[in-house]
Amino acid sequence: MLGSLQKIHLPMKRFSESDEVDYVIVGCGSAGGVLLQRLARAGFNVVALEAGPFWDTELDWVSDESGSHQLYWEDPRVTGGSDPLALGANNCGRGVGGGSVHWAAFTPRFHPSDFEVYTRDGVGADWPIDYDIIRPYYEQLELEMPVAGPAYYPWGHPHGYPYGPHPMGGVGNALIKGCTALNIPVSIGGPVAILSGSHGDRPHCIYRGFCIQGCKVGAKASTLVTHVPDALASGAEIRDNSMASRIELGKNRRVTGVHYFDRDGNAHFQKAKAVIIAGYSIETPRLLLNSACPGFEKGLANSSDTVGRYMMAQAGNVVLGRFDQPVRMYKAPPAHALTEEFYETDPKNDFARGFAIQTVGPLPIAFGKEMVAAKRAWGWGLRREMMDYNHWATFGLLGEILPWPDNRITLANETDHFGLRIAHVSFNLHDNDKRLIKTAKEKTTEVMYAAGATEVIQEARFAHLVGAARMGSDPRTSVVDKFGRTHDISNLFVCDGSRKALPTPPHHSGTRRSHGRLPNLSTRCHLYV
Ligand SMILES: Cc1cc2nc3c(=O)[nH]c(=O)nc-3n(C[C@H](O)[C@H](O)[C@H](O)COP(=O)(O)OP(=O)(O)OC[C@H]3O[C@@H](n4cnc5c(N)ncnc54)[C@H](O)[C@@H]3O)c2cc1C
Ligand code: SF4
């Protein structure tokens, strides 16, 4: 019953639970899907346990905003702290493809500065790897997904993209107009992992704006359509609707496999020589914490007491502007133009690090929620605002929030329907974060007015979780090493967004030590296509 675009050739290989497979991967999302393909291609016996379903793009997905809510991780979680995060749809996916099914597909690379923020800016910490190590993998994945974007992308390490950029929608045109008026360089038509021309079996984008609803067309990259088909053809197995509940520790500090529940709630155990967790920033630490056992009473691989800590989100405020002329936000992928001109630390600012400004194209229900949040619109007032939908454009700022130990996943006392303790997510903004968000909001608002908006409002939001199983060289302050191997257990790995953490060292005071190099960009206005 799989849709033609997925080109999955069944039957899939099946391993028995008593087979000791080479690897079990927990979570078949953005990272797990790619890793599954790489390991299967390399000849390993590998099984992915995925809590959600194996989507059939033909039967399960609809190009309808309200019909696509099953794509998200909506199981109960507790959210807290001084600035509680909205969880669920805005943060986590569920099902084969994970978050890559509903991501907007913007694919800017990290800048070299991201790997050495402590050295440059005196905040966060340096990574155990640098940009040059990761650069060939960017180049490889930009070809595999593939990524459309400008021939010359000026920020960070300048580079170009393999596919030509996309045409502009109304929001992109507004961003270009606003940036041009203010002499801010802007990248047009990408970088975004959406096909601007057909590629293999996949057709090009048809610009109808349902990217966050899964892209039934198949033009947007998700591991479901890019890497999973090849993983299965190469001999991998995916067990969908299989919720990993605990990782089993055997003798000599080595794990022996994964306990999981199938769709009917029956308990199983898959033996494995090694286990890789790829469940993302909340579920990865939750699984490690729920796997506490004698010898690891605070959670598996948690001798450093850092599992769950240093979780980050990005400030994702949405700035909405009303234009006299129709904009028609839905007639393009939400992701199609951006500027990273404010990404790096600027000594003129009263905060370290920076932000990007991107196009966002909410469909009517999301727009309605934004009107409720930003204008307190309700009843007839809300209906009037929604009837005005075609006149609005939205920009999203993406602001870097620093890693703090109190931004943390722990276990709540409540349990889910499997009887597993659910995650408690605590999130607090610190001074640097608040100052950065204030400036980013003001700059984004300025760009919106410069584009010709007559009214500008904004909604506070957070997006893009990372961290909570942080990578580092020191076993006392990090969970995994630069290869993703846990410091405590040699055959247990983490490979997902939870690994991406810029830890604040214990001696760090929270203020900037020095300013780093600034990118050598011309101040003349540039449009990069
Ligand atoms: C609306 C939205 C838009 C986004 N847009 C962008 C964008 O434009 N660009 C960008 O770079 N990023 C974007 N992101 C972020 C991006 O989607 C995530 O960073 C990315 O998907 C994380 O990858 P991952 O492999 O760590 O986790 P995921 O892709 O979330 O995969 C984790 C998988 O593990 C499964 N799982 C978890 N726990 C268990 C368990 N116990 N047992 C079995 N399975 C389990 C989950 O069901 C899920 O499928 C967006 C996110 C959202 C929500
Ligand atoms: S706009 Fe393009 S990428 Fe987005 S859902 Fe439509 S076809 Fe897919």
Side-chain angles (χ1 to χ4, degrees), residues 24-35 48-53 55 61 63 71-73 75 87-109 148 166 169 191-196 202-224 239-247 258-261 277-288 290-291 314 316 330-336 338 358 360-362 366 396 398 416 418 420 423 463-466 469 494-500:
V24 167
I25 302 176
V26 176
C28 192
S30 309
V34 175
L35 190 61
L49 301 175
E50 168 51 53
W55 300 117
W61 293 359
S63 295
L71 299 179
Y72 308 118
W73 188 289
D75 283 6
L87 301 172
N90 194 36
N91 280 306
C92 303
R94 182 193 190 98
V96 176
S100 72
V101 161
H102 64 69
W103 72 329
F106 261 129
T107 47
R109 298 179 185 180
H166 287 272
V192 64
I194 294 176
L195 294 176
S196 54
R202 292 168 52 209
H204 59 76
C205 177
I206 56 171
Y207 304 106
R208 54 182 198 161
F210 287 103
C211 313
I212 291 172
Q213 284 66 39
C215 185
K216 196 176 171 87
V217 174
K220 188 190 75 169
S222 70
T223 51
L224 181 70
R239 271 175 227 161
D240 66 342
N241 292 300
S242 297
M243 174 73 182
S245 52
R246 194 164 63 83
I247 296 165
V258 182
H259 295 272
Y260 69 97
F261 291 105
I277 314 177
Y280 201 20
S281 286
I282 298 178
E283 294 306 317
T284 288
R286 177 188 175 205
L287 180 58
L288 288 169
N290 267 328
S291 301
Q314 282 186 309
Y330 58 93
K331 283 174 87 76
H336 63 280
L338 80 161
Q358 305 183 329
V360 188
L398 281 187
D416 65 10
F418 294 116
L420 303 170
H464 304 153
L465 304 179
V466 282
V494 174
C495 175
D496 62 10
S498 70
R499 218 175 105 186
K500 187 170 73 176

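First listed ligand is number 1; within each ligand, the first listed atom is number 1.
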Q: Looking at Ala104 and Ile194, what are the two nearest heavy atoms and their distance?
A: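 Residues Ala104 and Ile194, closest heavy atoms: O-CD1, 4.1 Å.
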Q: Out of Ala278, Gly32, Ala463, whose heavy atom is nearest to atom 33 (C) of ligand 1?
A: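 Minimum heavy-atom distance to atom 33 (C) of ligand 1 goes to Ala278.
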Q: Among the heavy atoms of Ser242, does any lie under 4.0 Å from an atom of ligand 1?
A: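 True for this residue.
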Q: Would you confirm whether His336, through its side chain, and His166, through its main-chain N or O, come within 3.5 Å as a donor-acceptor pair?
A: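 Side chain of His336 to backbone of His166: no pair is present.
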Q: With a 3.5 Å cut-off and no angle check, do the side chains of Arg246 and Tyr260 form a donor-acceptor pair?
A: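 Side chains of Arg246 and Tyr260: no pair found under 3.5 Å.
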Q: Please confirm if an N, O or S atom belonging to Cys205, backbone or side chain, lies less than 2.8 Å from atom 2 (Fe) of ligand 2.
A: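 Yes, Cys205 qualifies, because one of its backbone or side-chain N, O or S atoms lies under 2.8 Å.
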Q: Could you tell me whether Ser281 approaches ligand 1 through its side chain, its backbone, both or neither, with non-hydrogen atoms closer than 4.0 Å?
A: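 It is neither; nothing of Ser281 touches ligand 1.
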Q: At less than 4.0 angstrom from any non-hydrogen atom of Ala31, what atoms of ligand 1 do you find?
A: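 This gives 25 (O) as the contact atoms.
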Q: What residue and heavy atom of the protein are closest to atom 1 (S) of ligand 2, and at what distance?
A: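 I find the closest protein heavy atom is Gly209 N, 3.2 Å.
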Q: Can you sort out which atoms of ligand 1 are near Ala105, meaning under 4.0 Å from one of its heavy atoms?
A: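 Here the atoms of ligand 1 in question are 7 (C), 8 (O).
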Q: Would Cys211 count as a contact for atom 8 (Fe) of ligand 2, in the sense that one of its N, O or S atoms lies under 2.8 Å from it?
A: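 So Cys211 does not bind atom 8 (Fe) of ligand 2 by this criterion.
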Q: As an exercise, identify every atom of ligand 1 less than 4.0 angstrom from a heavy atom of Gly93.
A: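 Per the distance check, 46 (C), 47 (O), 48 (C).
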Q: Could you tell me the residue and atom name of the protein heavy atom closest to atom 8 (Fe) of ligand 2, and the distance to it rounded to 0.1 Å?
A: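 Nearest neighbour among protein heavy atoms for atom 8 (Fe) of ligand 2, to 0.1 Å: Cys215 SG, 2.3 Å.
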Q: Going by the closest heavy atom to atom 13 (C) of ligand 1, which one wins out of His102, Arg286, His464?
A: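 That would be His464.
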Q: Among all protein heavy atoms, pick the one closest to atom 7 (S) of ligand 2 and tell me residue, atom and distance.
A: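 Atom 7 (S) of ligand 2 sits closest to the protein heavy atom Ile206 N, 3.4 Å.
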Q: May I ask you to list the atoms of ligand 1 that are less than 4.0 angstrom from any heavy atom of Glu283?
A: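 Those atoms are 37 (C), 38 (N).
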Q: What atoms of ligand 1 come closer than 4.0 angstrom to any heavy atom of Gly95?
A: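 Those qualifying, in numeric order: 47 (O), 49 (O).
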